[in-house]
Amino acid sequence: MHALKVTRAEDFPEWYQAVVRDADLAELSPTRGSMIIKPWGMGLWERIQGELDRRIKDAGHDNYYFPLLIPLAFFAKEAEHVEGFAKEMAVVTHHRLKQIDGELKPDPDAALTEPLIIRPTSETIIGDAFSRWVKSYRDLPLKLNQWANVMRWEMRTRMFLRTAEFLWQEGHTVHADEADAMVETMWALELYRSFSEDFLAMPVIHGEKPENERFPGAVRTYSIEAMMQDGKALQAGTSHYLGTHFAEAQNIRYQDKEGGMTLAHTTSWGMSTRMIGGVIMTHGDDDGLRTPPAAAPRQIVIVPMLRGKPEDAELKEYCASLVAELNKLSAFSWPVRAYLDIKDARPADKRWDWVRRGAPIICEIGPRDAANGQVTFIKRNALREGDKIKSHSVSRADFIAQAAKLLEETQAELFAEAKARLDNNIRADFKTFADLETYYGTEDKEGEFKGWARVHWARPSGDALDKVGERLKALKLTIRNAPAAQPASYGACIFSGEPAVEEILIARAY
RNA sequence: CGGGGUGUAGCUCAGCCUGGUAGAGCAUUAGCUUUGGGAGCUAAGGGUCGCGAGUUCGAAUCCCGCCGCCCCGACCA
């Protein structure tokens with residue numbers, strides 16, 4: 001008997017919805033395509049923010065904030081950028097409402113002379129500021145970051161994975177030349193790789209996107225790709241070298257040491273609330289979410305076995321002092337987050353709520369534990385042993401002494417499990433396109449999923465690349481990236497038979 | 001935006017074919033019992049049956065239109 005009504009094997013998309021709901025992460029809002037992020041989901045995002053922000057600042061970036069609304073004319077400056085985003089833009093056209101025939105409508109007399117767009121990303125308005133802030137080579141590099149909400153009018157939305165409005169971090173930097181900008185671009189890629197693996201226990205493959213998957217306006221786009229439990233790939237973070245495209249469009253120039261005016265090189269990079277979807281589909285099981293301890297809003301939850309009797313006070317005191325002790329510890333370079341759940345509800349119900357939310361360590365402490373100076377707990381990532389819930393009992397002193405280690409072990413176990421899944425489900429033995437068709441052209445067997453493929457290719461571009469894209473699309477596949485780790489030599493291109501120049505990752509994707 | 005599915009209580013759903021004043025389980029609230037583990041009994045509250053128009057004496061049920069959600073596709077840093 002699992003805590004969720006649907007299992008992953010029965011219906012993966014339904015299971016995903018169930019976790020979002022039952023782990024209390026988010027719910028649909030009355031606003032189409034947008035969600036209400038609930039405390040456990042927001043807490044997870046706040047942990048992601050806290051750690052990522054620290055790493056970004058440690059590398060010399062400062063935060064700032066730009067407005068939600070961008071003048072339409074700003075957006076129109078970079079042609080490829082426009083082409084990429086124009087189709088999914090929310091536009092603000094009026095500044096007043098009026099009762100017309102009993103209905104509240106935009107007042108026709110209050111149309112904006114210049115419409116505003118709700119930012120889908122902020123390159124354009126930030127570039128405008130950069131053109132004023134950058135005067136001299138002494139101003140470079142300029143390394144800034146903002147935490148913001150953005151909006152893209154998506155046709156098809158899915159909680160956390162693709163919502164109309166989402167939260168993210170967007171880094172924007174300006175550099176004197178390509179070499180320096182590329183160092184930054186690769187730094188951001190490595191930031192996302194290490195953050196994803198260390199902090200979210202989510203193994204990824206990092207690499208460069210093919211030409212047809214680039215960010216609109218970018219010269220080179222890099223991504224980290226994570227494998228979900230249904231075998232699909234999730235692009236979990238991107239880093240772009242923008243060359244001088246935005247510098248040209250926005251006139252970002254600096255006076256170099258020789259006194260000449262030189263175009264700057266810019267980068268941008270982002271990671272969003274989509275990561276939470278990745279955490280769900282990487283670590284979730286049929287009992288709900290298993291939150292990676294480093295990112296869990298509450299790492300150790302204590303459920304006292306209260307019985308509505310006078311001795312409850314003593315038990316509460318035992319638990320409260322335990323929480324206080326635990327909160328003095330640290331793990332993952334942050335204070336430990338222990339929590340005493342004294343909600344007036346049945347302990348068993350509370351226990352299952354925390355199982356579904358995926359609190360890493362759930363302690364169930366009764367009067368007997370208190371009397372014996374013990375702590376009884378379950379490890380959420382290894383909840384069951386056969387049909388039974390596996391619980392552990394240790395002395396209070398031992399529990400406190402081992403708590404941080406227990407959390408770090410759990411983190412490592414979650415990572416190892418996900419890493420094994422990733423490593424075991426990438427096939428590198430496809431030599432021809434027919435091999436791919438044979439494998440991906442057939443239905444998954446019961447309980448099976450098709451992972452990714454690493455294949456060699458000659459890196460076609462333009463029309464030739466479009467044709468490759470179409471052949472893959474027929475199999476519902478896309479090119480994810482060219483992994484940074486490349487083999488020493490290459491065979492023949494799987495698409496053309498020509499000598500290959502690169503190994504790429506192919507997968508079905510979210 | 002195209003194809004398919006779906007929409008009835010907070011949740012899961014029955015009722016619809018064959019029109020006759022709204023149902024179950026779980027959840028909620030109250031009381032009693034129970035207490036080392038998703039408790040039991042009793043009672044109560046809760047729904048303009050997605051929205052609108054139509055057929056009809058009468059519509060959750062039949063017809064038409066629209067909308068939301070889910071899946072597939074198109075699109076998608």
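Just the heavy atoms: all of them, side chains too, but no hydrogens, waters or symmetry mates, feed the values below. Throughout, protein chains are lettered first and strands after them, A, B, ... in sequence-line order, and every chain is numbered starting at 1.
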> Strictly by Watson-Crick or wobble contacts shorter than 3.5 Å, is anything paired with B:rA59, and which nucleotide is it?
none
> Please compare A:T238 and A:K5 by the position of their nearest nucleotide in RNA chain B and report the one closer to 5'.
A:K5
> Rounded off to whole Å, could you give me the CE-to-P distance for the A:M35 and B:rC69 pair?
14 Å
> Check A:H172, A:R55, A:E184 against A:H61 for a side-chain hydrogen bond (donor to acceptor under 3.5 Å, both in side chains) and give me the one that passes.
A:E184
> Within this structure, what is the CZ-to-C1' distance between A:R21 and B:rC70, rounded to whole angstrom?
12 Å
> Both distances below 3.5 Å, Watson-Crick or wobble geometry, any strand: find the nucleotide opposite B:rG52.
B:rC64
> Measuring only the C1' atom in each nucleotide, how far is B:rU21 from B:rU56? A whole number of Å is fine.
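B:rU21 and B:rU56 have their C1' atoms separated by 16 Å.
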> Tell me which nucleotide, if any, is Watson-Crick or G-U wobble paired with B:rG47 when both distances must be under 3.5 Å.
none
> When you measure from the side chain of A:E14, which nucleotide among B:rC76, B:rC71, B:rC70 comes out closest?
B:rC70
> Under a 3.5 Å limit for both distances, which nucleotide forms a Watson-Crick or G-U wobble pair with B:rA9, could you say?
none
> Nearest whole Å is fine: how far is B:rG3 C1' from A:M155 CE?
16 Å
> Check every strand shown and say whether A:K350 touches a base, only sugar-phosphate, or nothing at a heavy-atom separation below 4.0 Å.
nothing
> Are A:T163 and A:T157 close enough that a side-chain donor and a side-chain acceptor fall under 3.5 Å?
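Note: A:T163 and A:T157 side chains miss the donor-acceptor criterion.
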> Between B:rG58 and B:rG19, how far is it from one C1' atom to the other, in whole Å?
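Taking atom C1' in both B:rG58 and B:rG19, they lie 8 Å apart.
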> Can you tell me how far P in B:rC64 sits from the matching atom in B:rG3, rounded to whole Å?
16 Å
> Let's test this: given Watson-Crick or G-U wobble pairing with both distances under 3.5 Å, identify the partner of B:rC32.
B:rG40
> Measure from CZ on A:R508 to P on B:rA74 and round the result to the nearest Å.
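After rounding, the gap between these two atoms is 12 Å.
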> Answer yes or no on whether A:K450 is positioned over the face of A:Y439, meaning its NZ or CZ is under 6.0 Å from the six-membered ring centre and within 45° of the axis.
yes
> What residues, two or more places apart in sequence or in another chain, satisfy side chain to side chain contact (heavy atoms under 4.5 Å, CB included) together with A:A338?
A:I300, A:V323, A:L326, A:N327
> Say we look at B:rU8 and B:rC16: how far apart would their C1' atoms be, to the nearest angstrom?
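Pairwise C1' distance, B:rU8 against B:rC16, rounds to 11 Å.
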> Relative to A:F433, does A:R471 satisfy both conditions: NZ or CZ under 6.0 angstrom from the six-membered ring centre, and within 45 degrees of the ring's axis?
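Pair A:R471/A:F433 counts as cation-pi.
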> Partners of A:F74 by ring-ring contact (aromatic ring centres under 6.0 Å, His included), sequence neighbours excluded?
none
> Within a strict 4.5 Å, meaning less than it, do heavy atoms of the A:P120 and A:V150 side chains meet?
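When only atoms from C-beta onward are counted, A:V150 and A:P120 do not touch, as no gap falls below 4.5 Å.
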> What is the distance from CZ of A:R156 to C1' of B:rC76, rounded to the nearest Å?
12 Å
> Using a cut-off of 4.0 Å on non-hydrogen atoms, how would the nucleic acid contact of A:F166 be classed: base, sugar-phosphate, or nothing?
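The answer is base, as A:F166 lies within the cut-off (heavy atoms under 4.0 Å) of a base atom.
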> Here's a test of your reading of the structure: between A:G33 and A:H240, which maps to the more 5' nucleotide of RNA chain B?
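The 5'-side residue here is A:G33.
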> In whole angstroms, how far is the P atom of B:rC75 from the CZ atom of A:F85?
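The distance from CZ of A:F85 to P of B:rC75 comes to 16 Å, rounded to the nearest Å.
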> Rounded to whole Å, how long is the line connecting atom CG of A:D353 with atom C1' of B:rC11?
14 Å
> Taking B:rA59 as the reference, what is the distance to B:rG46 when you measure between their C1' atoms (whole Å, please)?
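Result for the C1' pair: 24 Å, nearest Å.
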> Check every strand shown and say whether A:R162 touches a base, only sugar-phosphate, or nothing at a heavy-atom separation below 4.0 Å.
base
> Going by salt bridge (Lys or Arg N to Asp or Glu O under 4.0 Å), A:D287 matches just one of A:R384, A:R357, A:R351. Which one?
A:R384
> Is the terminal nitrogen or CZ of A:R459 (NZ for Lys, CZ for Arg) located under 6.0 angstrom from the six-membered ring centre of A:W457 and within 45° of that ring's axis?
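Because its charged atom misses either the 6.0 Å distance or the 45° angle limit, A:R459 does not stack over A:W457.
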> Work out how far the P atom of B:rG47 is from that of B:rC51, and round it to whole angstrom.
14 Å
> Assign A:S272 to base, sugar-phosphate, or nothing according to its heavy-atom contacts below 4.0 angstrom with the strands shown.
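Contact class for A:S272: base.
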> With both distances kept under 3.5 Å, what pairs with B:rG19, Watson-Crick or G-U wobble?
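Its partner: none found.
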> Just checking, is any N or O donor in the side chain of A:E123 or A:S268 under 3.5 Å from an acceptor N or O on the other one?
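Short answer, yes.
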> Mark up nucleotides 32-40 of chain B, 5' to 3', with B wherever a protein heavy atom is under 4.0 angstrom from a base atom, S wherever such an atom reaches only the sugar-phosphate, and - elsewhere.
---BBBBB-
> Taking only the P atom of each, what is the distance from B:rU61 to B:rA53 in whole angstrom?
14 Å
> Rounded to the Å, how far apart are A:E213 CD and B:rC75 P?
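It is 11 Å, rounded to the nearest whole Å.
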> Could you tell me how far B:rG65 sits from B:rA74 if I compare only their C1' atoms? Round to whole Å.
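Per the computed distance, 25 Å lies between those C1' atoms.
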> Searching all strands shown, indicate the nucleotide that pairs with B:rG73 (Watson-Crick or G-U wobble; both distances under 3.5 Å).
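WC or wobble partner is B:rC1.
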> What's A:W153 touching, base or sugar-phosphate or nothing? Going by heavy atoms closer than 4.0 Å.
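No contact.
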